[in-house]
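One structure is given here, and the rest of the page talks about it.
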Amino acid sequence: MNLSVPGRTLAGAALALAGLLAAGAPAQSAAPSAARPAALAAPDIPLANVKAHLTQFSSIAAANGGNRAHGRPGYKASVDYVKAKLDAAGFTTTVQQFTSSGATGYNLIADWPGGDTGQTLMVGAHLDSVSSGAGINDNASGSAAVLETALAVSRAQLQPAKHLRFAWWGAEELGLIGSRYYVNNLPAAERAKISGYLNFDMIGSPNPGYFVYDDDPVIEQTFKDYFAGLGVPTEIETEGDGRSDHASFKNVGIPVGGLFTGAGRTKSSAQAQKWGGTAGQAFDRCYHSSCDTTANINDTALDRNSDAAAHAIWSLSAGTTNPPGGDAYESTADVAIPDAGAAVTSAIPVTGRSGNAPAALRVGVDIKHTYRGDLVIDLVAPDGSAYRLKNSSGSDSADNVITTYTVNASSEAANGEWKLRVQDVARYDTGYIDSWKLTF
Ligand code: TRP
Ligand code: ZN
Ligand code: CA
C-alpha cells in the first residue's frame with residue numbers, strides 16, 4: 001500500500017538489501033567509541049575560480065540592464081548561474097520564492113548530502129545587488145566565495161560530522177527580506193537543528209580592512225585563528241551590526257559569525273598602517289554605486305577571506321573529539337530491522353559512572369533505511385523505561401535517520417544496559433541500525 005508514495009523505488013530496496021548482505025549477520029555487541037580523527041585541513045580556495053564567478057556575475061548584470069537587483073532579470077539569472085554549478089557538483093538545491101515590493105524574490109538553498117542534520121552548519125551570502133550597479137564587491141564577492149567553497153566541499157567529497165547547508169539570499173538590499181523569510185518559514189524543530197550561521201557580505205573591498213563579526217565566540221575565534229596564522233591583524237566589525245543576513249538568524253537565537261572588509265566608512269591611519277591601503281579613504285568608495293564593478297575588488301582580501309571561509313566550514317563542521325562535558329559510548333554493531341516486523345534492539349552497556357544520566361543526554365542515531373517514515377524509535381533506559389525519539393509517518397519519505405536526539409534522562413541511573421529500540425511498522429522498505437551513540 002505504500003508503493004504509491006513517491007520516492008520508494010525497487011532500486012532503493014535492492015540497495016538496502018545489498019547493504020544488509022554486505023554487513024553480514026546482525027550481532028549484538030557494543031564497543032566504546034573511538035576518538036574521531038582530527039579535522040582535515042581545509043583546501044586552498046583558488047582565487048582564479050572565485051574571480052571567474054565575479055566575471056560571470058558582471059556579464060549577467062551587463063546583459064540585464066546593468067544590475068542584479070531584486071525583481072530584475074539579472075537577479076534570477078544570477079540564481080540560475082549558481083544553481084547550475086551546485087547541481088552539477090552533487091548538491092540538493094531548492095529555490096524558495098517570496099514576494100517583496102510587488103516582485104517575486106528567490107532564495108537558493110543547497111544541501112550537501114550527509115552529516116548529522118540535527119546539527120546543521122549554514123553558510124550564506126546575499127546574491128542581490130542594488131539597482132545602481134552590478135554589485136561586484138556588494139555582494140558578488142561573498143556569493144562567489146561561498147559558491148567556490150561549496151564546490152571545494154564537493155571536490156573533496158567532504159564527509160563532515162555536521163550537515164552543511166549553503167544559501168544565497170534574495171532582497172537583502174531591501175532590508176534582509178529573503179533571509180528573514182527563510183528563517184520565519186522554518187518550523188521551530190528545523191530552526192533548532194541549525195547550530196550556526198556564517199555570513200559573507202562584502203569581502204573584497206578595494207581598500208580593505210579585515211573585520212570579524214563579534215557574535216558567537218567559537219565562530220569568531222575560528223576566523224581570528226585563521227588570520228592570526230597568516231599574520232594578518234583583524235578588528236571587530238562595527239560598521240553596522242545587524243546590517244546583513246546574519247541578523248535574521250541572530251534574531252531567533254542561532255549562533256552567527258562572519259567576515260567583512262568594509263563599506264562606506266573611512267579607513268583610519270592606524271588601520272592603513274596595519275593593513276596597507278589608503279588612510280582617509282572609504283574601504284569601498286564604490287559602495288552601492290555604479291562603479292562597484294570587477295575593478296572594485298582587492299584580490300588579496302578576496303583570496304584571504306575565501307580561504308578563511310573554507311577554514312571555518314571545515315573546522316566547524318568536523319565535530320568535536322571530546323563532546324562538551326561528555327563521554328561517549330557507542331555501538332557499531334549492525335542490527336537488521338525486519339520489514340513490518342517485531343522491534344529490534346541494539347544494546348550499549350554503561351559502567352563506571354555514578355548517579356543519574358544527564359538532563360540533556362545526547363543520543364546519536366545512524367540508521368540506514370530506504371523509507372524512514374516506517375520507523376518508530378525509542379531509547380530504553382536500564383530500568384526499562386522508554387523515551388520516544390521518533391514516530392512513524394506516512395509522509396516522511398526520505399531515507400535514513402542520521403541525527404542526534406536530546407533526551408531528559410535525569411531520572412534514570414546512568415549505569416546499566418541502555419538500548420536503542422527500532423520497529424519498522426510498514427511493509428516494503430527495509431534497513432538496519434548502522435551505529436548509535438550515547439553521550440553523557
Ligand atoms: N549589504 C550591507 C548593506 O548594504 C553592507 C554592510 C554594511 C555590511 N555594513 C555591514 C555587511 C556590516 C556586513 C556587516 O548595508
Ligand atoms: Zn551587501
Ligand atoms: Ca518497511
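Everything numeric in this text was worked out from a predicted model, so none of it was measured. Whatever order the structure lists ligands and atoms in, that order sets their numbers, starting from 1.
Because its NZ or CZ atom is not both nearer than 6.0 Å to the ring centre of Phe227 and within 45° of the ring axis, Arg304 does not count as a cation-pi partner of that residue.
At a 3.5 angstrom cut-off on N or O pairs, His246 does not count as close to ligand 1. Close N/O approach between Ser244 and ligand 1 is not found [any backbone or side-chain N/O within under 3.5 Å].
Against a heavy-atom cut-off of under 4.0 Å, His288 is close to the following atoms of ligand 1: 4 (O). Of all atoms in ligand 1, listed by their number and element, those nearer than 4.0 Å to a heavy atom of Gly240 are 12 (C).
At the top of the distance list for atom 5 (C) of ligand 1, counting protein heavy atoms only, stands Met202 SD, 3.5 Å. Shortest contact from atom 13 (C) of ligand 1 to any protein heavy atom: Tyr213 OH, 3.6 Å. In this structure, atom 1 (N) of ligand 1 lies nearest to the protein heavy atom Asp201 OD2, 2.8 Å. Nearest protein heavy-atom contact of atom 14 (C) of ligand 1 is Glu237 CD, 3.8 Å. Protein heavy atom closest to atom 4 (O) of ligand 1, with residue, atom name and distance, is Tyr287 OH, 2.5 Å. Ranking the protein heavy atoms by distance from atom 10 (C) of ligand 1 puts Phe260 CZ, 3.5 Å first. When hydrogens are left out, the protein atom nearest atom 9 (N) of ligand 1 is Glu239 O, 3.4 Å; that is the closest non-hydrogen contact.
In summary, Asp201 places an N/O/S atom under 2.8 Å from the Zn ion (ligand 2), meeting the contact criterion. The Zn ion (ligand 2) has Asp138 among its coordinating residues (N/O/S atom, backbone or side chain, under 2.8 Å).
Summarising the local packing, NZ of Lys390 is surrounded by more than 12 heavy atoms from other residues, nucleotides or ligands at distances under 6.0 Å.
With a 4.0 Å cut-off on non-hydrogen atoms, Phe211 does not touch ligand 1 at all. Residue contacts with ligand 1 for Asn139 are absent, since no atom lies close enough (heavy atoms, distance under 4.0 Å).
Side-chain atoms of Asp424 and His369, non-hydrogen and from C-beta on, do get closer than 4.5 Å to each other. Using a 4.5 Å cut-off on side-chain heavy atoms (C-beta onward), Asp111 and Leu164 make no contact. In this structure the side chain of Thr93 never reaches within 4.5 angstrom of the side chain of Ile109, judged on heavy atoms.
Checked against Asn137 for a side-chain hydrogen bond (donor to acceptor under 3.5 Å, both in side chains), the options Asn296, Asp292, Asp284 give a single hit: Asp284.
Using cut-offs of 30° and 60° on the angle between ring planes, the pair Tyr213 and His246 is tilted.
Taking all atoms of both residues into account, the shortest heavy-atom contact from Lys162 to Leu316 is NZ-O, 3.3 Å.
For Glu148 and Lys51, the salt-bridge test fails: no basic side-chain N is under 4.0 Å from an acidic carboxylate O.
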